[in-house]
Amino acid sequence: GKYDGATKDSAWTETLYRIGIGVLLKFMLGSDDLVWLSPFMARARTVGAKVDIGFKYVMSVLFLTLLACALAVLIHFAAHHGKGDEIVDQSIATVAAFLLFAYAMHMAHEEGYFAALVSTGAEEEEDEEEDK
């Protein structure tokens, strides 16, 4: 619906207020993330590494919450102006696919899968040289 005669400035203020509440709620209600985060903290050897992991976590939560808010504003705009709903749907699917792929690559790197591939390739080259 409409904002009942409210100006554009007050509508944007209300939107920013709601975004702030969303970020705050994510941090307050995200205590279950600590269970997910604890193995990474346990593997970190130094305090600096633990601080780095914590910083990355906070930044990722902030980024994902702001991304969700941006998508919500985009969907709201598309729904109230009657155009672009297909573009919004495609945009959400593209962003979600990219984020899942980036996360999978990060986890594969962290778990050492890329190093295993590199070392396997180097071992095969050494075997070929020894056969000659």
Side-chain angles (χ1 to χ4, degrees):
K2 305 239 178 200
Y3 287 104
D4 299 325
T7 64
K8 288 183 180 181
D9 290 339
S10 65
W12 277 109
T13 303
E14 181 180 342
T15 301
L16 291 175
Y17 176 73
R18 289 180 181 185
I19 289 171
I21 289 174
V23 171
L24 184 64
L25 284 173
K26 174 59 182 154
F27 281 119
M28 288 173 40
L29 302 175
S31 61
D32 62 327
D33 288 347
L34 297 177
V35 173
W36 175 86
L37 193 61
S38 61
F40 297 101
M41 288 292 206
R43 277 188 259 172
R45 302 270 186 243
T46 65
V47 173
K50 292 178 190 241
V51 169
D52 185 47
I53 291 169
F55 177 75
K56 287 178 182 176
Y57 168 74
V58 169
M59 289 294 107
S60 67
V61 167
L62 184 61
F63 171 75
L64 290 174
T65 304
L66 291 176
L67 180 65
C69 292
L71 288 173
V73 168
L74 186 63
I75 291 168
H76 177 77
F77 179 78
H80 290 288
H81 294 293
K83 297 181 181 178
D85 57 341
E86 190 173 311
I87 293 170
V88 170
D89 193 30
Q90 290 175 351
S91 299
I92 292 171
T94 302
V95 168
F98 172 77
L99 290 174
L100 285 172
F101 180 74
Y103 180 69
M105 290 294 106
H106 173 72
M107 291 305 297
H109 176 70
E110 288 290 318
E111 295 296 323
Y113 290 114
F114 293 129
L117 290 174
V118 170
S119 65
T120 303
E123 290 171 3
E124 289 176 2
E125 288 177 8
E126 288 176 9
D127 290 341
E128 289 176 9
E129 289 178 10
E130 288 175 4
D131 291 339
K132 290 182 181 180

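Numbers for residues simply follow the sequence, beginning at 1.
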The test is side chain to side chain contact (heavy atoms under 4.5 Å, CB included); show your working for L99 and L64 and say whether it passes. CA-CA 10 Å; L99 290 174; L64 290 174; 3.9 Å; yes

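Under the 4.5 Å side-chain contact rule for hydrophobic residues, F40 and L62 share a cluster. Y113 and L100 sit in two unconnected hydrophobic clusters of ILVMFWY residues. Membership requires side-chain heavy atoms under 4.5 Å apart, directly or through other members. Both F98 and L67 sit in one connected hydrophobic cluster of ILVMFWY residues. Membership requires side-chain heavy atoms under 4.5 Å apart, directly or through other members. Residues M59 and V51 do not share a hydrophobic cluster, defined by chaining ILVMFWY side chains whose heavy atoms lie under 4.5 Å apart.
The stretch residues 100-117 participates, sequence neighbours left out, in these salt bridge (Lys or Arg N to Asp or Glu O under 4.0 Å) pairs: R43-E111.
Under the rule for a side chain to side chain donor-acceptor pair (under 3.5 Å), the partners of K56 that lie at least two apart in sequence or sit in another chain are D52.
Put simply, the side chain of Y57 does not reach to within 4.5 Å of the side chain of I53, judged on heavy atoms.
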